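A quick write-up on the structure given underneath.
Keep in mind that this is a model prediction, so the values were computed, not measured. The chains referred to below are lettered A, B, ... by the order of the sequence lines, with proteins before strands, and numbering in each begins at 1.
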Amino acid sequence: MKDKPLKDFENLGLAPILLENLRRLGMTSPTPIQAHAIPSVVAGRDLLGLAQTGTGKTAAFGLPMLTRIIAQNRRPEARQIRALVLAPTRELANQISESLNAYAEGAPVRVFRVVGGASINVQAQRLQRGVDVLIATPGRLIDLMDRRAIDLSQTGYLVLDEADQMLDIGFIHALRRIARALPQEDRQTLMFSATMPKLMNDLCAEYLTDPVRVEVAPPGRAAERIDQGVHFVSQGDKAALLAEYLSAHTDEKAVVFGRTKHGADKLGKLLDRWGFSVASIHGNKSQGQRERALAAFRDGEVKVLVATDVAARGLDIPLVEHVYNYDLPNVPENYVHRIGRTARAGRSGRAVAFCAPAEVVDLRAIEAAMKSRIPVIGGEAPSAEVAAAATAALRQSRRNAQQARSGGGPRPAKAATPSGQKPAKPKAAKPARSAANAGNGGGEARPSRKRRGGAARG
DNA sequence: AAAAAAC
């Protein structure tokens with residue numbers, strides 16, 4: 001079977017109504033992961049799918065699962081659901097829900113999605129009537145379980161998308177609780193992951209029974225169609241450098257990744273002031289803002305999307321030409337996920353990483369994880385001494401910030417200062433705040449083309 | 001150390 005990939009969906013054992021819908025959607029031939037996964041899942045096997053996003057994962061689990069549910073033809077009772085799909089972000093859950101709804105149109109299957117940021121009562125009411133396929137983010141699902149709005153005891157299918165992200169602390173506890181509420185015996189479990197860290201083996205052993213393993217591309221390797229490069233630059237010169245890159249391709253779409261919510265927000269506002277067509281998305285924005293930003297970017301209304309790692313995984317946005325790693329990710333695997341936002345559906349793309357001296361250590365970790373070097377396309381790598389000093393300085397400043405936060409609460413009365421005012425410094429040598437260093441206040445000018453030189457060399 | 005996911 002593996003030597004002879006199937007040319008169309010006809011002989012994979014899918015329900016006729018799904019085949020009709022696939023024709024209508026213009027999906028003619030299965031992708032490799034679909035061709036290999038669908039027959040096994042239709043046959044009831046557990047599955048471990050190792051695949052990058054954009055390889056057709058959603059249809060690979062969705063079509064055979066819907067086929068089995070249609071064939072069983074059993075209505076769920078109140079609050080019961082028959083299949084559960086878990087995703088790590090709300091946007092990913094939305095995307096999966098839209099795809100499954102399209103595949104299942106006209107079929108006697110009810111697909112529903114529950115995520116945070118929307119009324120829980122409306123969702124609970126809908127669950128009261130029973131649901132066939134539920135797509136959920138872990139936080140909201142736990143909330144619904146606590147309210148006894150959902151009954152997972154008859155749920156025969158569990159799908160974990162982006163399972164490697166479910167290993168994160170905070171997710172893993174939720175996942176364990178959810179998995180305990182499902183049947184342990186008569187359950188088919190499907191797991192998908194782009195990377196295979198060691199802990200994933202434990203998760204597989206815990207939840208999969210004699211799984212079929214389908215691997216469509218070496219995990220952890222960046223897609224070959226992505227033209228990658230790294231540009232060494234001082235932290236302070238990053239914004240101006242980004243503006244130069246963006247100005248060279250103003251009619252093309254770009255995703256810019258930052259490390260923190262605050263940083264991404266600030267950068268989005270700065271680019272907006274500089275006249276770029278930009279939207280930003282991160283976890284501190286309301287769900288409405290997140291969805292509007294994504295929609296505007298998807299439609300091409302805005303050309304630049306500034307994001308945190310909330311958008312690193314799985315999101316399928318057509319025609320993204322550029323990915324900028326404005327800050328390098330601190331989880332090396334996320335580099336591969338981030339650059340995977342470009343070069344989708346057979347197209348090519350370009351990924352530029354900005355690397356400040358303090359990030360050289362992150363860069364090397366990424367290269368080690370990918371087992372390949374990223375070509376240098378600009379700037380000059382700082383010496384080992386400069387990089388080490390910058391890394392140490394950054395760690396120290398983060399420790400200080402951490403201390404300031406934890407010490408910011410109620411403090412002993414001793415040495416109290418008027419609120420909002422800093423205690424006087426021992427050496428009052430700091431010059432008065434001048435217009436030149438007054439920060440990113442208001443009428444900041446677009447940076448000149450000529451960058452300030454040599455800041456990275458220390 | 002940060003982001004995500006719940007109010």
Side-chain angles (χ1 to χ4, degrees), chain A residues 84-96 113-124 127 134-150 160-179 193 235 255-268 280-287 289-291 293-294 306-315 325-335 337-338 341 356 358-359 361-362 365-366 390-406:
Chain A
L84 175 64
V85 181
L86 286 178
T89 66
R90 297 170 185 173
E91 282 76 12
L92 208 47
N94 291 351
Q95 194 174 284
I96 294 167
R113 175 216 66 179
V114 294
V115 297
S119 161
I120 196 167
N121 289 326
V122 172
Q123 295 175 357
L127 287 169
L134 186 78
I135 301 106
T137 45
R140 178 50 61 95
L141 186 66
I142 292 280
D143 202 348
L144 287 161
M145 286 165 66
D146 287 341
R147 288 164 190 251
R148 302 186 192 284
I150 191 166
L160 302 182
D161 201 9
E162 305 291 347
D164 48 350
Q165 194 171 1
M166 300 288 183
L167 297 170
D168 274 20
I169 199 86
F171 271 136
I172 193 70
H173 299 294
L175 178 60
R176 290 235 153 79
R177 256 198 75 187
I178 292 164
S193 178
Q235 188 64 35
V255 181
V256 179
F257 284 102
R259 197 179 56 88
T260 65
K261 293 182 275 197
H262 180 67
D265 206 62
K266 241 175 64 181
L267 181 61
S280 56
I281 183 169
H282 56 73
N284 275 356
K285 295 218 164 202
S286 74
Q287 192 53 27
Q289 288 174 316
R290 283 165 62 161
E291 274 161 30
L294 201 56
V306 181
T308 58
D309 277 333
V310 69
R313 287 162 176 264
L315 290 189
N325 277 292
Y326 186 86
D327 299 314
L328 292 184
N330 27 26
V331 180
E333 291 86 49
N334 271 0
Y335 175 83
H337 291 296
R338 286 175 172 193
R341 293 320 97 213
E359 293 174 303
V361 56
D362 301 313
I366 289 164
T391 304
L394 183 69
R395 291 211 175 119
Q396 186 58 48
S397 80
R398 280 183 190 159
R399 263 197 297 274
N400 291 346
Q402 173 70 38
Q403 240 157 31
R405 270 198 298 278
S406 59

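- Of the side-chain N and O atoms in A:Thr260, none sit less than 4.0 angstrom from OP1 or OP2 of B:dA1.
- Heavy atoms of A:Asp309 sit nowhere under 4.0 angstrom from any nucleic acid atom.
- At the phosphate of B:dA5, neither OP1 nor OP2 sits under 4.0 Å from any side-chain N or O atom of A:Thr89.
- The side chain of A:Arg290 lies closest to B:dA5 when the candidates are B:dA5, B:dA6, B:dA2.
- Among the nucleotides B:dA4, B:dA2, B:dA6, the one closest to any side-chain atom of A:Arg259 is B:dA2.
- Nucleic acid contact class of A:Arg395 (heavy atoms, under 4.0 Å, all strands): none.
- With salt bridges taken as basic N to acidic carboxylate O contacts below 4.0 Å, none links A:Asp265 and A:Lys261.
- Residue contacts shown for A:Gly170 include a base, since a base heavy atom lies under 4.0 Å away.
- Under a 3.5 Å cut-off, the side chain of A:Arg90 and the backbone N or O of A:Thr137 do not form any donor-acceptor pair.
- Among the nucleotides B:dA2, B:dA5, B:dA3, the one closest to the side chain of A:Phe171 is B:dA5.
- Within the nucleic acid shown, A:Asp168 comes within 4.0 Å of at least one base atom, counting heavy atoms only.
- Residue A:Arg90 places its side chain closer to B:dA5 than to any other of B:dA2, B:dA5, B:dA4.
- Inter-residue side-chain proximity for A:Leu394 and A:Gln235 is flagged as unmet; no heavy-atom pair is nearer than 4.5 Å.
- A:Arg313 has no side-chain polar atom (N or O) that falls below the 4.0 Å cut-off from OP1 or OP2 of B:dA3.
- For A:Gln123 against A:Arg113, the heavy-atom pair with the smallest separation is NE2-O, 4.5 Å.
- In this entry the distance linking CD of A:Gln287 with C1' of B:dA5 reads 11 Å, nearest Å.
- Protein atom CG of A:Leu175 is 14 Å distant from nucleotide atom C1' of B:dA4, rounded to whole Å.
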